[in-house]
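Below: the structure, in structure tokens.
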Amino acid sequence: YKALLELARTRGWKVIALSPRGGGHSLSLRARDERAAKIVMAERKRRPGSLVYAIFGDMHLAPTHLPAAVQRAAAAQRATKSIGDSKGAG
């Protein structure tokens with residue numbers, strides 16, 4: 001990953017860790033996916049329209065793992081936003 005990190009530094013790209021310190025191997029694969037998805041969605045919220053490029057282990061990238069977790073996190077974020085929007089109405 002050294003070359004990628006150097007490129008990010010040179011270009012001024014933000015780098016964020018998706019895994020907890022120590023790798024989080026005591027957590028289940030699903031728990032690590034859910035944690036990473038929340039981080040990805042938080043970054044998308046902070047920087048709308050920006051590209052989020054994730055490098056994660058191959059098991060996480062299976063459609064039923066991190067991609068599904070990101071979809072669940074996005075749906076939860078939309079639901080929270082619409083609940084907040086409806087509280088201001090009326």
Side-chain angles (χ1 to χ4, degrees):
Y1 300 108
K2 183 179 179 182
L4 286 172
L5 293 172
E6 287 176 358
L7 177 63
R9 186 180 329 122
T10 301
R11 300 279 174 98
W13 297 338
K14 186 172 182 178
V15 176
I16 302 167
L18 295 178
S19 295
R21 190 175 300 260
H25 297 292
S26 61
L27 301 173
S28 71
L29 181 62
R30 182 175 176 118
R32 286 180 277 155
D33 288 341
E34 296 293 335
R35 180 186 186 282
K38 287 178 184 176
I39 293 169
V40 168
M41 292 309 300
E43 189 59 26
R44 288 188 66 194
K45 187 175 181 179
R46 274 192 291 278
R47 298 170 182 262
S50 294
L51 174 66
V52 176
Y53 183 83
I55 301 172
F56 221 37
D58 60 339
M59 290 191 330
H60 295 282
L61 298 179
T64 58
H65 291 280
L66 183 59
V70 168
Q71 288 178 344
R72 287 189 297 273
Q77 192 175 77
R78 285 190 300 273
T80 301
K81 184 178 186 293
S82 65
I83 289 169
D85 290 347
S86 66
K87 285 182 180 180

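From a predicted model like this one, the values you see are computed outputs, not experimental measurements.
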Handout entry: Interatomic distance, K14 atom NZ to R47 atom CZ [nearest 0.5 angstrom]
Key = 4.5 Å

Practice task
Only pairs at least two apart or in different chains count here, so list each side chain to side chain donor-acceptor pair (under 3.5 Å) that has a residue in residues 64-75.
Solution key: D33-H65, E34-R72

Problem - Nearest non-hydrogen partners of L27 and R32, listed with the distance - result: O-NE, 3.3 Å

Handout entry: Gap separating the CG atom of L4 from the CD1 atom of I55, nearest 0.5 angstrom
Key = 4.5 Å

Exercise for the section: Would you please name every residue forming a salt bridge (Lys or Arg N to Asp or Glu O under 4.0 Å) with R46, sequence neighbours left out? Expected result: E43

Fill in the blank from the handout: Applying side-chain contact (heavy atoms from CB on, under 4.5 Å) to A37 and not counting sequence neighbours gives L66, A69, V70, A73

Fill in the blank from the handout: Sorted by chain and number, sequence neighbours left out, side-chain contact (heavy atoms from CB on, under 4.5 Å) with L51 holds for none

Fill in the blank from the handout: With sequence neighbours left out, the residues meeting side-chain contact (heavy atoms from CB on, under 4.5 Å) with S28 are R30, A31

Exercise for the section: Return the minimal non-hydrogen interatomic distance between A62 and P67, and the atom names on each side. Expected result: O-CD, 3.2 Å

Handout entry: Hydrophobic cluster membership, L5 vs I16, 4.5 Å side-chain cutoff
Key = no

Fill in the blank from the handout: Applying side-chain contact (heavy atoms from CB on, under 4.5 Å) to A54 and not counting sequence neighbours gives L18

Problem - Co-members of the apolar cluster containing L7 [side chain, <4.5 Å] - result: W13

Fill in the blank from the handout: Here the gap from K45 atom NZ to K38 atom NZ, rounded to the nearest 0.5 Å, amounts to 13.5 Å

